[in-house]
There are 2 protein chains.
Amino acid sequence: MANMPEQEQTAANARDDKASSTQQKGRAAAATAPDFSGAFSSGGIVISVDAMGGDRGPAAVLDGVALAARGNPSLHFLVHGREAELVPLVKARKLKDRVTIRHAEDVVTMHDKPSAVMRSGKGTSMWSTIEAVRNKEAQVAVSCGNTGALMAVSMLRLRKMPGVDRPAIASFWPSKNPSGYNVMLDMGADVRADAVDLLTYALMGASYARNALGLTRPRVGLLNVGTEEHKGNAELKAAHELITDAAQNGDFTFVGFVEGNDLPGTRVDVIVTDGFTGNIALKTGEGTAKFAGELMREAFTSGIMAKLGAFLAMRALKKLKAKIDPRRANGGVFLGLNGTVVKSHGGADGTGVAAAIDLAARLGGLGFVDRLAARVALASAAGQDSAKHEAGDETKK
Amino acid sequence: MANMPEQEQTAANARDDKASSTQQKGRAAAATAPDFSGAFSSGGIVISVDAMGGDRGPAAVLDGVALAARGNPSLHFLVHGREAELVPLVKARKLKDRVTIRHAEDVVTMHDKPSAVMRSGKGTSMWSTIEAVRNKEAQVAVSCGNTGALMAVSMLRLRKMPGVDRPAIASFWPSKNPSGYNVMLDMGADVRADAVDLLTYALMGASYARNALGLTRPRVGLLNVGTEEHKGNAELKAAHELITDAAQNGDFTFVGFVEGNDLPGTRVDVIVTDGFTGNIALKTGEGTAKFAGELMREAFTSGIMAKLGAFLAMRALKKLKAKIDPRRANGGVFLGLNGTVVKSHGGADGTGVAAAIDLAARLGGLGFVDRLAARVALASAAGQDSAKHEAGDETKK
C-alpha cells in the first residue's frame with residue numbers, strides 16, 4: 001500500500017463506510033463457504049481464475065497461476081473448470097496448497113454470442129469465476145475467455161456501479177512515460193459513448209492510473225482528430241467541457257484533446273475515447289508494431305553482414321524485445337462494475353497469464369473497486385450539487 | 001497507360017462521352033490563356049503547385065519541383081506564390097523552361113480556420129493553385145498547406161462530383177502487399193460518414209487503387225471492431241449491405257469487415273472508414289512506428305557491441321529505413337471533387353514534395369478524375385435502377 005496516494009485512501013475510506021451495509025449483505029449471500037476465508041480476512045488475496053476458454057487451454061492458465069503463486073506467497077486461487085482436467089495440472093505444478101478447484105462442466109468458446117452465454121451460461125467456468133467475486137469469495141476475477149461474453153456475464157452478475165451507465169475496458173499502452181505505460185479506455189466494452197460516459201471514463205481512468213501505475217495526479221486527455229477546441233463532433237466538445245469542470249475536484253489534470261500520436265507519448269497518462277475508436281487504435285497499434293518487427297527481422301537476415309551485426313547486437317535486441325513484450329502488459333481491466341475483472345489476452349501463455357494475475361493481485365490488494373466507486377460517487381455528488389446550484393440560479397431569475 | 005486495367009478505360013470513355021459538354025463549358029470559362037496549352041493538348045501534364053504554406057517554405061517545394069521535373073520530362077508546372085521570393089528559387093534550380101510563376105500575395109497558414117479562408121482567401125497561393133485546375137489550365141493541384149483550408153477551398157471552387165455527398169482523403173498505408181501499400185480512406189476530410197458515404201468511399205477507393213496502384217480487381221474491406229457481421233454500429237451494418245450489392249457490378253471484391261491489424265496486412269487493398277476513425281488510425285500508426293524506431297535507435301546505441309552490430313548491419317538498416325521512409329508515400333488525394341488535388345505533408349522536404357508531384361502526375365496522366373466520375377455515375381445509375389425496380393415491386397403489390 002506504500003504507493004497509494006493519500007487522497008485515494010481517504011476517498012476509499014469514505015466509500016467503505018457507506019458501503020458496509022451492502023457488503024455485509026453480499027457476504028451473507030455467499031452460498032458456499034469461502035475456501036480461503038482465513039486468507040481473505042487476514043489481508044490475503046484470493047483470485048478467481050477461469051481455467052478454460054483461452055486459446056492455449058487450461059495448462060497455460062495453470063502455468064500462469066504457478067508463476068504468480070511463486071512470486072507472491074500471499075495469493076490464493078479459486079480455479080474454475082473441468083475438475084478431471086484440472087486435478088492433474090494442479091498436482092504437476094505442486095499447487096495443491098494454493099489452489100481450490102471449482103468444477104464447472106461447460107466452457108464458453110470464442111465463437112459463443114454474449115447474449116447466448118447470458119441466457120444459458122450458468123454451468124460455464126466463466127460464470128462460476130465471476131460468481132466467486134459476486135459472493136465475495138475472491139477479490140478479483142481473471143479470464144482468458146471471449147471478451148464479449150465475459151463483459152456480458154460480468155455486467156449481469158456484478159451489476160454496474162452506481163453512477164456508471166457504460167462500463168469500460170482499460171488497457172496499458174506502451175509509452176515513453178517513466179512507468180513505461182499509459183492507460184487507455186474504452187478498448188471495446190461498448191462501441192458507443194456519449195459525453196457523460198466519456199466523463200465517467202476520465203474519472204475511472206484517472207483512478208485506475210493512480211492505483212495501477214502509482215501516479216498521484218494523472219494527466220488525462222480526450223482522443224480527437226486535432227488538439228484545437230473546435231475540432232471533432234458535438235459529443236467530444238460536450239465531453240471536453242464536462243471533464244474540464246470535473247478535473248477541478250478530481251485530483252487529475254485535464255490536458256484537453258490529444259491525437260493518435262500521443263498514445264505512446266509523454267503528454268498524457270490516461271487517454272479517453274469511445275470503445276469503437278479505442279479498439280481500432282489498439283489493433284492498429286498492434287498491427288503496426290508487428291509489421292515493424294517483421295521488417296526488422298527481414299533486415300537482419302538479409303545478408304551475412306546483417307546477420308553478424310544482429311549477432312553482436314543480440315543482447316541489446318533481446319533487452320528491447322523484453323521491453324516491448326506484449327505479455328508484460330497483459331490484462332484489460334473492466335471498470336465500472338461492482339467487482340474487478342481482468343481480461344487476459346486469449347492467446348496468453350504462462351507468462352502472459354501471470355502478468356494478468358499480478359495486475360489482479362495489485363488491484364485486489366488495494367481494494368481498488370471500492371476506491372473507484374468512491375471516486376465515481378464523489379463526482380456524481382458534485383455533479384448533482386452543481387446541477388442543483390444551476391437550478392437554484394434559474395429560479396432566482 | 002500500360003498499367004491501366006481495361007474495364008477502367010471503358011468506364012472512363014463512357015464518362016468522357018457524357019461529360020464532354022460540361023468539360024467544354026469548363027474550358028471556355030478559363031479566363032486566362034493556359035501557359036502550357038501546347039503541352040496540355042499534346043498529352044503533356046501540367047501540375048499546379050502551391051509553393052507557400054508548407055512548414056519548410058517555398059525552397060523545399062521548389063526542390064521537389066526540380067526533382068520531379070528531372071525525373072519526368074513531360075511535366076510542366078504552374079507555381080503559385082510570392083513572385084519576388086519564387087523567381088530566384090526557380091532561377092537557382094534552372095527551372096525557367098518548366099515553370100511559370102503565378103503571383104499570389106497572401107499565404108494560408110496552418111492556424112487559419114477553413115471558414116475564414118473560404119470567405120477571404122482569394123488572394124492566397126492556395127486559392128490560385130486550385131483555380132488553375134478549375135480553369136483546366138492544369139490537370140492536378142499539389143499543396144503542402146493547411147489540410148482543412150485546402151479541402152474547403154477545393155470544395156468551394158471545384159465542387160463535389162455528381163453522386164458524391166462527402167468527399168474523402170485517401171492515403172497510402174505501408175503494407176505487406178506486393179505494391180508495398182494499401183489505400184485507406186477517409187483520413188479526415190469529414191469526421192462523420194453515413195452508410196451511403198461509406199459506399200461512395202468504397203467505390204472511390206477501389207477506383208483509386210486501380211489507377212494509383214495498378215490493381216485490376218482491388219479487395220475492399222470495411223473497418224470495424226470485429227469481423228463478425230453482428231459487430232459494430234447500425235451505420236456499419238447498413239454500409240456492409242450496400243457495399244456487398246455494389247461489388248457485384250463494381251469490379252472490386254468486398255471482403256467484409258476488417259480490423260485495425262489488417263491495415264498493414266494482405267487481406268485487403270482498400271480500407272474504408274469514416275474520417276474520424278481514419279485520422280485516429282493514421283496518427284496511431286505513425287506514433288507507433290516512430291516509437292518503435294526510437295526504441296530501436298536506443299537499443300543500437302546502448303553499448304559497444306550493439307554499436308558494432310549496428311555498424312555491420314548498416315546497409316540492411318539503411319535499406320529498411322528507405323523502405324519505410326514516410327516521404328516515399330507522401331500525398332493524400334482528395335476524392336469526389338471535379339478535379340484532383342494532392343495534399344502533401346506539411347513538413348515535407350524536396351523528396352516528399354517530389355513524391356506528391358509524381359503521384360499527381362500519374363493521376364493526371366491517366367485522366368483519373370474522369371474515370372472516378374464515371375465509376376461513381378455508373379454506381380449511382382445502378383442504385384437508381386434497383387431503387388426503381390424495388391419501387392416497381394412495391395406498386396405491384
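Residue numbering restarts at 1 for every chain, and letters A, B, ... go by the order of the sequence lines.
- Among the candidates Leu185(A), Leu335(A), Thr147(A), the single residue satisfying the side chain to side chain contact (heavy atoms under 4.5 Å, CB included) test with Ile169(A) is Thr147(A).
- Residue Ser175(B) touches chain A through its backbone alone, counting heavy-atom pairs closer than 4.5 Å.
- The shortest side-chain heavy-atom distance between Met184(A) and Thr273(A) falls under the 4.5 Å cut-off.
- The main-chain N or O of Gly188(B) is never found under 3.5 Å from a side-chain atom of Asn279(B) such that the two would form a donor-acceptor pair.
- In this structure, the separation between CZ on Arg166(B) and CG on Asp274(B) is 9.5 Å, given to the nearest 0.5 Å.
- Heavy atoms of Phe311(B) lying under 4.5 Å from chain A are absent altogether.
- Within the 4.5 angstrom heavy-atom criterion, only side-chain atoms of Lys113(B), from C-beta onward, approach chain A.
- Neither the backbone nor the side chain of Asp262(B) comes within contact range of chain A; no heavy atom of the residue lies under 4.5 Å from a heavy atom of that chain.
- Here the side chain of Glu235(A) pairs a donor or acceptor atom with the backbone of Ala195(A) at under 3.5 angstrom.
- Between chain A and the options Gly287(B), Ala313(B), Gly260(B), heavy-atom pairs under 4.5 Å are most frequent for Gly260(B).
- Contact annotation for Val191(B): only side-chain heavy atoms (C-beta onward) come within less than 4.5 Å of a heavy atom of chain A.
- Interatomic distance, Asn224(A) CG to Leu236(A) CG, rounded to the nearest 0.5 Å: 5.0 Å.
- Heavy-atom pairs under 4.5 Å with chain B peak, among Glu294(A), Lys176(A), Lys307(A), at Lys176(A).
- By the 4.5 Å heavy-atom criterion applied to side chains, Thr227(B) and Arg267(B) are counted as neighbours.
- The candidate from Leu308(A), Thr284(A), Asn233(A) with the greatest count of non-hydrogen atom pairs under 4.5 Å with chain B is Thr284(A).
- For chain A, no part of Glu228(B) is nearby; none of its heavy atoms comes within less than 4.5 Å.
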As a quick check of understanding, evaluate side chain to side chain donor-acceptor pair (under 3.5 Å) for Asn177(B) and Asn182(B), giving each step before the final call. CA-CA 7 Å; Asn177(B) 274 321; Asn182(B) 291 341; 2.6 Å; yes
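- If you measure heavy-atom distances from Ile280(B) to chain A, the contacts under 4.5 Å come from both the backbone and the side chain.
- Per-residue heavy-atom pair counts under 4.5 Å with chain B were compared for Ala310(A), Ala281(A), Gly148(A), and the maximum is reached by Ala281(A).
- Taking Met314(A), Glu286(A), Met296(A) one by one and counting their heavy-atom pairs under 4.5 Å with chain B, the maximum is reached by Met296(A).
- Among the candidates Met305(A), Glu298(A), Lys290(A), Arg192(A), the residue making the largest number of heavy-atom pairs closer than 4.5 Å to chain B is Met305(A).
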